[in-house]
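Atom set for the values below is all heavy atoms of this structure, side chains included, hydrogens, waters and symmetry mates excluded.
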Amino acid sequence: MSEIINLAENIISKKNREQLESFAGHTIARGRATRWHWQKTDNGDKVLEIFRGGADEVLAVCINRDRNTDAFYANDATGNMVSSGELDHVMAELEQYFIQLHGE
């Protein structure tokens with residue numbers, strides 16, 4: 001008999017993780033951000049954080065996934081939702097968001 005495993009509510013697959021890391025790297029390469037890293041929230045959920053700025057670096061966005069809605073969410077530093085939905089949709093909207101932040 002197989003063991004039942006309860007996965008985290010916001011599980012991000014390896015493929016999604018690679019896509020998010022690639023997007024973050026692309027954003028940095030375009031000069032729209034300075035760094036990214038994976039963070040864990042108080043309840044253990046993984047969140048990708050992207051930062052911008054030089055010496056006064058600030059959080060630009062946090063990206064996570066909610067299993068209940070099967071959607072990704074991107075929030076700005078103040079917690080306002082920037083985008084939600086399928087990962088490709090969220091990344092496309094974040095591209096435009098970073099273009100505006102960067103003043104292009």
Side-chain angles (χ1 to χ4, degrees):
M1 182 161 252
S2 297
E3 179 181 347
I4 296 174
I5 300 172
N6 292 321
L7 299 173
E9 288 301 311
N10 81 329
I11 188 166
I12 297 176
S13 71
K14 181 178 178 182
K15 180 182 175 188
N16 292 151
R17 187 179 174 107
E18 289 170 353
Q19 289 174 300
L20 285 166
E21 290 172 359
S22 177
F23 172 78
H26 162 80
T27 304
I28 292 168
R30 295 283 185 193
R32 300 174 186 146
T34 52
R35 73 178 172 98
W36 62 268
H37 79 268
W38 288 100
Q39 177 72 327
K40 282 194 176 184
T41 61
D42 292 338
N43 63 1
D45 293 342
K46 289 186 179 177
V47 177
L48 179 72
E49 296 180 332
I50 300 177
F51 294 83
R52 61 188 302 267
D56 298 323
E57 187 176 67
V58 295
L59 178 65
V61 295
C62 298
I63 307 165
N64 66 352
R65 178 179 178 263
D66 185 298
R67 175 178 288 212
N68 292 329
T69 59
D70 194 23
F72 284 85
Y73 292 89
N75 297 310
D76 66 13
T78 61
N80 294 321
M81 188 180 307
V82 175
S83 180
S84 67
E86 295 287 326
L87 183 56
D88 290 337
H89 170 78
V90 170
M91 289 188 299
E93 287 196 2
L94 282 176
E95 178 83 8
Q96 293 304 310
Y97 177 76
F98 276 106
I99 287 170
Q100 289 176 342
L101 278 180
H102 194 248
E104 294 176 35

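The environment of E86 atom CD is sparse: at most 12 non-hydrogen atoms of other residues, nucleotides or ligands sit within 6.0 angstrom.
Between H37 and F51, the distance from one ring center to the other falls under 6.0 angstrom.
Between V47 and K40 the shortest side-chain heavy-atom distance does not fall below 4.5 Å. When side chains are defined from C-beta on, L20 counts as touching I63, because their heavy atoms get closer than 4.5 Å. Side-chain contact between M91 and D88 is present, with heavy atoms from C-beta onward closer than 4.5 Å. Annotation: side chain of Q100 is not in contact with side chain of Q96 (no heavy-atom distance under 4.5 Å). Counting heavy atoms from C-beta on, the side chains of M81 and Y73 come closer than 4.5 Å. At a threshold of 4.5 Å between non-hydrogen side-chain atoms, the residues K46 and N64 do not count as touching. Between I50 and F23 there is a side-chain heavy-atom pair separated by less than 4.5 Å. For the pair E93 and V82, the minimum side-chain heavy-atom distance is 4.5 Å or more.
What you find for R52 and A60 is that their closest heavy atoms are CD-CB, 3.8 Å. Closest heavy-atom contact between V90 and A74: CG1-CB, 3.9 Å.
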Derivation and outcome, side chain to side chain donor-acceptor pair (under 3.5 Å), residues W38 and E21: CA-CA 9 Å; W38 288 100; E21 290 172 359; 2.7 Å; yes
In sequence, state the C-alpha distance, the side-chain angles, and the governing distance for R65 and L87, and then conclude on side-chain contact (heavy atoms from CB on, under 4.5 Å). CA-CA 9 Å; R65 178 179 178 263; L87 183 56; over 6 Å; no
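A distance of 11.5 Å separates CZ of R32 from CG of L94, quoted to the nearest 0.5 Å. Note: S83 OG to F72 CZ = 11.5 Å, rounded to the nearest 0.5 Å. Taking CG from N16 and CG from L48, the interatomic distance works out to 11.5 Å, rounded to the nearest 0.5 Å. Of the inter-residue distances, the one linking H89 atom NE2 with S84 atom OG reads 6.5 Å to the nearest 0.5 angstrom.
Note on L101: it clusters hydrophobically with W36, by side-chain heavy-atom contacts below 4.5 Å among ILVMFWY residues.
Of the charged side-chain nitrogens involved, none lies within less than 4.0 Å of a carboxylate oxygen, so that E49 and R35 do not count as a salt-bridged pair.
With sequence neighbours excluded, the residues forming a side-chain contact (heavy atoms from CB on, under 4.5 Å) with N80 are D76, T78, listed by chain and number.
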